[in-house]
Amino acid sequence: MLKVSNITKYYGDFKAVDDLSFEVKKGEIFGLLGVNGAGKTTTFRMIMNLIEPNSGNITFNGRKIDYDITDKIGFLTEERSLLTKLTVKEQMLFYGALKSLDEKTILKRLDKLLEKFGIQEYKDRKINTLSKGNQQKVQFIAAIINEPSLLILDEPFSGLDPINIELFKSVILDLKQKGTSIIFSSHRMDHVEFFCEKLVILVRGKSVLEGYLKDIKNDYKIKKIVIEGDVKLSDLKKIDGVIKAVKTSSSYEVSIKDESYCKNVFEYLKTVNNVTKFALQQPSLEEIFVSKVGETYGK
Ligand code: ATP
């Protein structure tokens, strides 16, 4: 289990991470979320022991993270860092050796992974001759060639087409199934919702919301009602308890202060003809994120 306890990191006078704590258990996928500059990459670098926190500590299975342990961690960095003049095989031999693997093991795992990602034919090609998406597959393979117990994925899907996003998703879920703990950062909340059972949202390095996604959604008071029918947007906006009402391509979406205001919307709909849909929904993570980050900014 990864345990991050009260870590703080300053760059000069600037506090990039502020008293952050969280835990990621075996086989759990954890989302580290925040707008640009919130402190995600800094946190990843501290976990990888590339930089030291000014205070607090980080342990993996009860031990401080040192080079022995980083052999069992995989890190897909946001800025891609392949040695592009090498061939795919040469690159993997290099990365694998950094993770203390012998050549035979690296080549055996590489063949399996190249097949999984459908790029066997590129094994002896120089990386700079591959497309961006295929380079990203190579980078992903480099991050998991050591069969990590902990995998850090910083924006793993950026630049991928929808088919390859599905492929990456299935590989990530496979790894989770095998017990890998995964920390995941993305600006795409739909991807986070798909994967992460637990998450933290950072604003200026500080946690503003954390916990299990299910609990976060249940605790979030504002609910959404989806309506299809001949309603008037201006009427919806006037209903007591309605915070926001918008028209989408196929329906109306109404945000209410809390579930108790649902009946007011329902009463209004009784006065309207032709209502074909009325559904009370949980807010999306995207809505919670925007609202939580929005209310914290400017403070
Ligand atoms: P993004 O989503 O844009 O990748 P992030 O959440 O990963 O952002 P970090 O890269 O951790 O954010 O940066 C956090 C803050 O620390 C930013 O304000 C950044 O400018 C600052 N920062 C990061 N690295 C350094 C550094 N080496 N020296 C000084 N400031 C830094």
Side-chain angles (χ1 to χ4, degrees), residues 2-24 28-60 65 70 73-82 132-133 135-136 139-140 142-143 148 150-160 165 168-169 172 181-196 198-211 213 216 284-299:
L2 176 76
K3 192 161 185 215
V4 172
S5 311
N6 308 99
I7 53 167
T8 294
K9 175 70 190 172
Y10 283 90
Y11 293 115
D13 290 340
F14 176 74
K15 204 191 264 185
V17 173
D18 186 0
D19 196 27
L20 177 65
S21 300
F22 60 86
E23 287 180 8
V24 190
E28 212 165 50
I29 305 188
F30 181 85
L32 186 61
L33 313 182
V35 294
N36 296 122
K40 303 178 295 289
T41 305
T42 301
T43 303
F44 291 150
R45 290 192 180 136
M46 287 190 278
I47 295 171
M48 286 303 292
N49 206 13
L50 298 170
I51 53 175
E52 281 267 337
N54 294 88
S55 56
N57 62 73
I58 301 172
T59 58
F60 188 60
I65 295 183
T70 47
I73 303 181
F75 187 15
L76 179 72
T77 53
E78 189 183 12
E79 63 290 342
R80 308 302 175 214
S81 57
L82 295 166
K132 266 203 183 131
Q135 289 190 19
Q136 189 142 338
Q139 178 120 17
F140 196 101
L150 174 68
L151 178 61
I152 300 176
L153 300 172
D154 200 353
E155 290 285 348
F157 305 121
S158 65
L160 288 181
I165 289 178
F168 272 48
K169 277 182 173 174
I172 294 169
S181 306
I182 298 170
I183 310 183
F184 173 87
S185 102
S186 174
H187 295 294
R188 287 278 306 268
M189 294 301 136
D190 50 341
H191 292 152
V192 177
E193 261 188 273
F194 180 84
F195 281 122
C196 302
K198 213 162 135 192
L199 56 91
V200 59
I201 297 178
L202 294 182
V203 173
R204 297 195 201 93
K206 208 171 173 53
S207 162
V208 293
L209 189 66
E210 61 186 293
L213 182 59
I216 288 174
S284 67
L285 181 59
E286 175 120 13
E287 285 163 315
I288 296 175
F289 180 89
V290 170
S291 142
K292 206 68 206 171
V293 173
E295 81 189 32
T296 318
Y297 257 86
K299 272 189 185 168

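Just so we're clear, the structure is a prediction, and the values are computed from it rather than from any experiment. For ligands, and for the atoms within them, numbers begin at 1 and follow the listed sequence.
Geometric assessment of Lys198 against the ring of Phe22 yields a negative cation-pi assignment under the 6.0 Å and 45° thresholds.
Among residues two or more places apart in sequence or in another chain, the side chain to side chain donor-acceptor pair (under 3.5 Å) test is passed with Lys15 by Asp18. Qualifying side chain to side chain donor-acceptor pair (under 3.5 Å) partners for Ser207, counting only residues two or more places apart in sequence or in other chains: Glu210.
Gln139 contributes no side-chain N or O that, together with a main-chain N or O of Leu76, makes up a donor-acceptor pair within less than 3.5 Å.
Among protein residues, Tyr11, Phe14, Ala16, Val35, Asn36, Gly37, Ala38, Gly39, Lys40, Thr41, Thr42, Glu78, His187 come within 4.0 Å of ligand 1, judged on heavy atoms.
Distance check, rounded to the nearest 0.5 Å: OG of Ser55 to CG of Asp19 gives 7.5 Å.
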Side chains of residues 37-51: which donor-acceptor pairs under 3.5 Å do they make with residues two or more places apart or in other chains?
from	atom 1	to	atom 2	distance (Å)
Lys40	NZ	Gly34	O	2.9
Lys40	NZ	Val35	O	3.1
Thr41	OG1	Asp154	OD2	3.2
Thr42	OG1	Tyr11	OH	3.0
Thr43	OG1	Gly39	O	2.7
Asn49	ND2	Ile65	O	2.9

